[in-house]
Amino acid sequence: MNISCLPLNGTDYVEFYVGNAKQAAHFYQSAFGFQPVAYAGLETGLRDKSSYVLRQGKLTLVLTAALSKDGEIADHQKLHGDGVKVIALAVDDAKSVYEETIKRGAVSEFEPREESDEYGKVVLSAIKTFGETIHIFVERKDYIGPFLPGFITWNPAYKPKDTGLLYVDHIVGNVNWNEMDRTARFYQDVFGFTQLISFDDNDISTEFTALKSKVMSNDNFKVKFPINEPAKGLMKSQIEEYLDFYYGSGPQHVAMATENIIETIADLRARGVEFLHVPDSYYNSILDRVGEIEEDIEVLKKHRILVDRDDQGYLLQLFTKPVQDRPTFFFEIIQRKGARSFGKGNFKALFESIELEQRSRGTL
Ligand code: FE2
């Protein structure tokens with residue numbers, strides 16, 4: 001049976017629940033060059049939370065912290081540490097998309113509701129996905145405010161310049177043992193996504209650790225969710241380490257696209273963003289593996305940028321270290337030059353690098 005794909009216009013925003021939204025906002029401004037957009041908190045009449053909205057290109061991040069000791073945000077932060085709670089998706093009709101997902105078996109987070117202020121109205125609805133993560137469907141065609149109703153413009157004097165980040169390329173979920181197939185099926189049955197690629201432990205393993213992955217995508221390729229689960233290896237894989245520290249399934253990384261990865265990475269490094277270490281040896285045989293590329297290998301080596309090729313072109317990518325205390329969520333920086341894949345050829349080098357990090361954390 002062919003289920004029609006939900007009409008999605010892309011990622012609307014990604015919301016993190018964090019311990020201290022004010023300080024996190026400063027980090028995303030200073031380290032990643034996100035621009036201040038909107039704010040809601042005590043000053044806007046909220047009593048239970050404060051949220052900072054930042055944007056760069058089409059990437060919108062919301063950082064939310066609890067102002068009370070109890071409640072959903074405080075509980076989430078206590079259990080998972082800082083992490084992604086909401087992957088919001090832009091739609092033209094939040095009511096019909098919601099109704100369709102419920103008909104197809106999704107579990108409701110909240111029913112369609114209209115919210116409005118002097119800038120117009122939005123319609124929001126939400127369903128649950130893996131772990132405690134939710135998808136909010138955002139219909140904002142009748143809204144001209146800075147973010148959503150209730151938010152005011154946040155316009156501080158401090159505005160470090162951007163780093164060339166443009167949009168969400170994909171968002172990866174880590175799920176528990178034996179949950180990958182069920183989660184992939186959820187995106188197939190409820191969202192009408194198709195599976196682009198699947199990897200098993202034969203593809204993605206080192207001497208010590210392994211994982212499995214299925215990449216689910218919508219019909220216009222604007223929304224892509226690779227889903228990972230751990231696989232048995234001699235030692236504990238990075239996915240298990242994530243699950244241990246996050247206390248369950250959750251978003252592992254957001255891949256952010258740039259049109260000039262060399263400048264973006266150089267800029268991010270200068271601002272103190274930490275990346276996974278790529279060994280010198282990675283560059284020894286790289287041209288044999290990926291063939292002709294436009295970039296100078298010496299320049300890529302200098303910035304420790306990874307390259308991979310598929311049958312449609314190549315891609316350049318690099319992964320940050322975790323961006324909070326727990327070894328859970330991180331970011332990927334990616335520049336696509338035709339390739340539609342996710343850097344499978346880099347997995348082994350990458351995992352060996354992550355194993356070094358795990359060893360230093362005592363979690364291998
Ligand atoms: Fe990725």
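Remember, it's a predicted structure, so these values are computed and weren't measured experimentally. Every heavy atom of this structure was used, including side-chain atoms; hydrogens, water molecules and symmetry mates were not.
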task = Spell out, as yes or no, whether a donor-acceptor pair under 3.5 Å connects the side chain of Lys85 to the backbone of Glu132.
result = yes

query = Quick check: does any side chain N or O of Glu229 sit under 3.5 Å from a backbone N or O of Met180, one acting as donor and the other as acceptor?
reply = yes

task = Please write out which residues are connected to Tyr167 in a hydrophobic cluster, directly or through intermediates, given that two of Ile, Leu, Val, Met, Phe, Trp, Tyr count as joined at side-chain heavy-atom separations below 4.5 angstrom.
result = Leu166

ask   = Are any non-hydrogen side-chain atoms of Ile134 and Ile127 less than 4.5 angstrom apart?
value = no

Ile262 with Ile334, same ILVMFWY side-chain cluster at under 4.5 Å = no

request  = Mark yes or no for whether Arg336, through its side chain, and Ala257, through its backbone, hold a donor-acceptor pair below 3.5 Å.
outcome  = no

task = Go through the steps to decide whether Glu72 and Tyr17 satisfy the test side-chain contact (heavy atoms from CB on, under 4.5 Å), and finish with yes or no.
result = CA-CA 10 Å; Glu72 182 229 338; Tyr17 282 178; 2.9 Å; yes

ask   = Between Asp117 (side chain) and Gly150 (backbone), is there a donor-acceptor pair under 3.5 Å?
value = yes

query = Given Val62, which of Val53, Leu148, Val37 fulfils the side chain to side chain contact (heavy atoms under 4.5 Å, CB included) condition?
reply = Val53

key: Arg304 charged N/C atom sitting above Phe275 aromatic ring, 6.0 Å / 45°   = no

message = Quick check against the 3.5 Å criterion: does Gln77 have a side-chain atom that pairs as donor or acceptor with the backbone of Ala74?
response = no

Trace of the side-chain contact (heavy atoms from CB on, under 4.5 Å) decision for Thr163 with Gln56 = CA-CA 8 Å; Thr163 59; Gln56 183 165 185; 3.3 Å; yes

task = Could you check whether the rings of His253 and Phe330 sit parallel, tilted or perpendicular, using 30° and 60° as the cut-offs?
result = parallel

request  = Mark yes or no for whether Asp169, through its side chain, and Met256, through its backbone, hold a donor-acceptor pair below 3.5 Å.
outcome  = no

ask   = Would Lys232 count as a cation-pi partner of Trp177, with NZ or CZ less than 6.0 Å from the six-membered ring centre and within 45° of the ring normal?
value = yes

ask   = Any chance the rings of Phe16 and Phe329 have centres within less than 6.0 Å?
value = yes

Test item: Asp181 side-chain N/O and Ala184 main-chain N/O as donor-acceptor pair under 3.5 Å = no

key: Stepwise side-chain contact (heavy atoms from CB on, under 4.5 Å) test for Ile333 and Thr264   = CA-CA 8 Å; Ile333 312 299; Thr264 296; 4.0 Å; yes

ask   = His76 vs His80 aromatic rings, parallel, tilted or perpendicular, using cut-offs 30° and 60°?
value = tilted

query = Would a distance-only check, ignoring hydrogens and angles, find a side-chain to backbone donor-acceptor pair under 3.5 Å from Arg326 to Asp82?
reply = no

message = Are Leu79 and Leu63 connected into the same hydrophobic cluster when the rule is that any two of I, L, V, M, F, W, Y join if their side-chain heavy atoms are below 4.5 Å apart?
response = no

task = Give the ring-plane orientation class for Phe225 versus Tyr187, where under 30° counts as parallel, over 60° as perpendicular and anything between as tilted.
result = tilted

Side-chain heavy-atom pair Pro156, Gln29 within 4.5 angstrom cut-off = yes

ask   = With a cut-off of 6.0 Å (strictly less than), are more than 12 heavy atoms of other residues, nucleotides or ligands near NZ of Lys159?
value = yes

task = Tell me whether the guanidinium CZ or amine NZ of Arg182 lies under 6.0 angstrom from the six-membered ring centre of Phe186 and within 45° of its axis.
result = no

key: Donor-acceptor under 3.5 Å (Asn218 side chain, Lys222 main chain)   = yes

ask   = Do the ring centers of Phe32 and Phe27 come within less than 6.0 Å of each other?
value = yes

query = Under 3.5 Å, side chain of Arg140 to main-chain N/O of Tyr143, donor-acceptor pair present?
reply = no

task = Taking the six-membered ring for Trp and the full ring for Phe, Tyr or His, determine whether the centres of Tyr39 and Tyr52 are under 6.0 Å apart.
result = yes

